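Worksheet: the structure to be examined is printed underneath.
Here the structure is a predicted model, which is why all the values come from computation and not from measurement. Read the numbers this way: they start at 1 and go in the same order the structure lists the ligands and their atoms.
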Amino acid sequence: MSNQLLKGKKGIIFGALDEKSIAWKTAQHCHAHGAQLVLTNAPVALRMGEINKLAAEINAPVIGADVVNMDDLKKLFEESMNHFGGKIDFILHSIGMSLNVRKGKHYTEMDYGFNQKTLDISAMSLHRVLRTAWDMDALNEWGSVVALTYIAAQRVFPDYNEMADAKALLESVTRSFGYHYGVHKKVRVNTISQSPTRTTAGSGVKGFDGFISYAEKMSPLGNASADDCANYCVSMFSDMTRMVTMQNLFHDGGFSYTGVTQAVIEQMEK
Ligand SMILES: NC(=O)c1ccc[n+]([C@@H]2O[C@H](COP(=O)([O-])OP(=O)(O)OC[C@H]3O[C@@H](n4cnc5c(N)ncnc54)[C@H](O)[C@@H]3O)[C@@H](O)[C@H]2O)c1
């Protein structure tokens, strides 16, 4: 049952690749709460065709955009505003890609060309999206933009590789652009720092199985699921969180503030 927290609101969801994607779940939950949506992803991801199932389920158009192509982003916002007949209330940035991880490069031997692309796709893309919206005056006052991040931005998780640096940059762009957009139009910008989650991007991290079970044992509430994350996104897009901006919000079952748990102590004593 839904409380229709997003009734009358219009949003763009970036990054629904398949039904495991956090963006996919978020689109479903936003729809259940009464929002009207546009779905977008990179043209190469759209070719998989999966997104059309979600589009039919929630009655949303799909508009392709490579997030590092400013012409694509301009077209996306133009077509979205035409579709909605007005401005946009919220955006989910659910995008991550590491070329060095994909090519099997260790952090200490990264290829800097790949690294630039990683930083552009995974972090500066948030700046590109916000700037396009700013230039086109596409967001309503009190609009809300959420990007997804991971605690490797603050603490070392060796196999997270260059994505740790990308997430640190993403969180910094969130604060810096969040300041300017807050002053300019009362638009708020936040990151949600999510537990490890079994998705295509998540499973790309080396040793992911060990990683996810360690986090489960280190979190008093256990790992937050993609559905839990979707619910948190709904609350961040709603008017219930109007004064929250420029924050990195941990959504991790308590992992970020836990030194050790009984479960981990018992494991070490075995
Ligand atoms: N899965 C996890 O463990 C976890 C934990 C914390 C944060 N996150 C973050 O959540 C977000 C969503 O990832 P996910 O886990 O749902 O995986 P996912 O693989 O389902 O989603 C990643 C998306 O990024 C899109 N993308 C990549 N390059 C793009 C480009 N150039 N233009 C447009 N879109 C592009 C992909 O097509 C895909 O839809 C990412 O930012 C990820 O880093 C994931």
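Proximity of A45 to ligand 1, defined as any heavy-atom pair under 4.0 Å, is confined to the side chain (atoms from C-beta onward). Neither the backbone nor the side chain of V205 comes within contact range of ligand 1; no heavy atom lies under 4.0 Å. Of the heavy atoms in A147, none comes closer than 4.0 Å to ligand 1. Of all the heavy atoms of I95, the ones lying under 4.0 Å from any atom of ligand 1 are found in both the backbone and the side chain. For S195, every heavy-atom contact with ligand 1 shorter than 4.0 Å involves the backbone, none the side chain.
Using a 3.5 Å distance cut-off with no hydrogens or angles, the side chains of H29 and D227 do pair a donor with an acceptor. Donor-acceptor pairing under 3.5 Å is lacking for the side chains of N190 and Q247. Between the side chains of H251 and D228, no donor-acceptor pair of N or O atoms lies under 3.5 Å.
Residue F90 is grouped with residue L5 when hydrophobic side chains (ILVMFWY) are merged at heavy-atom distances under 4.5 angstrom, including chains of intermediate members.
Salt-bridge formation is detected for the pair R198/D209: a Lys NZ or Arg NE/NH1/NH2 atom is positioned less than 4.0 Å from an Asp or Glu carboxylate oxygen.
S193 does not count as a contact of ligand 1, since none of its heavy atoms falls under 4.0 Å from the ligand. Residue contact annotation: A65 has a non-hydrogen atom under 4.0 Å from ligand 1.
In this structure, of A201, P43, A42, the residue bringing a heavy atom nearest to atom 13 (O) of ligand 1 is A201. Of the options H251, R128, K167, the smallest heavy-atom separation from atom 43 (O) of ligand 1 is shown by K167.
For atom 44 (C) of ligand 1, the nearest non-hydrogen atom of the protein is I22 CD1, 4.0 Å. In terms of protein heavy atoms, atom 14 (P) of ligand 1 is closest to T199 OG1, 3.4 Å. The protein heavy-atom contact nearest to atom 37 (O) of ligand 1 is N41 OD1, 2.7 Å.
Applying the 4.0 Å criterion to heavy atoms of I121 picks out, from ligand 1, the atoms 28 (N), 29 (C), 31 (N).
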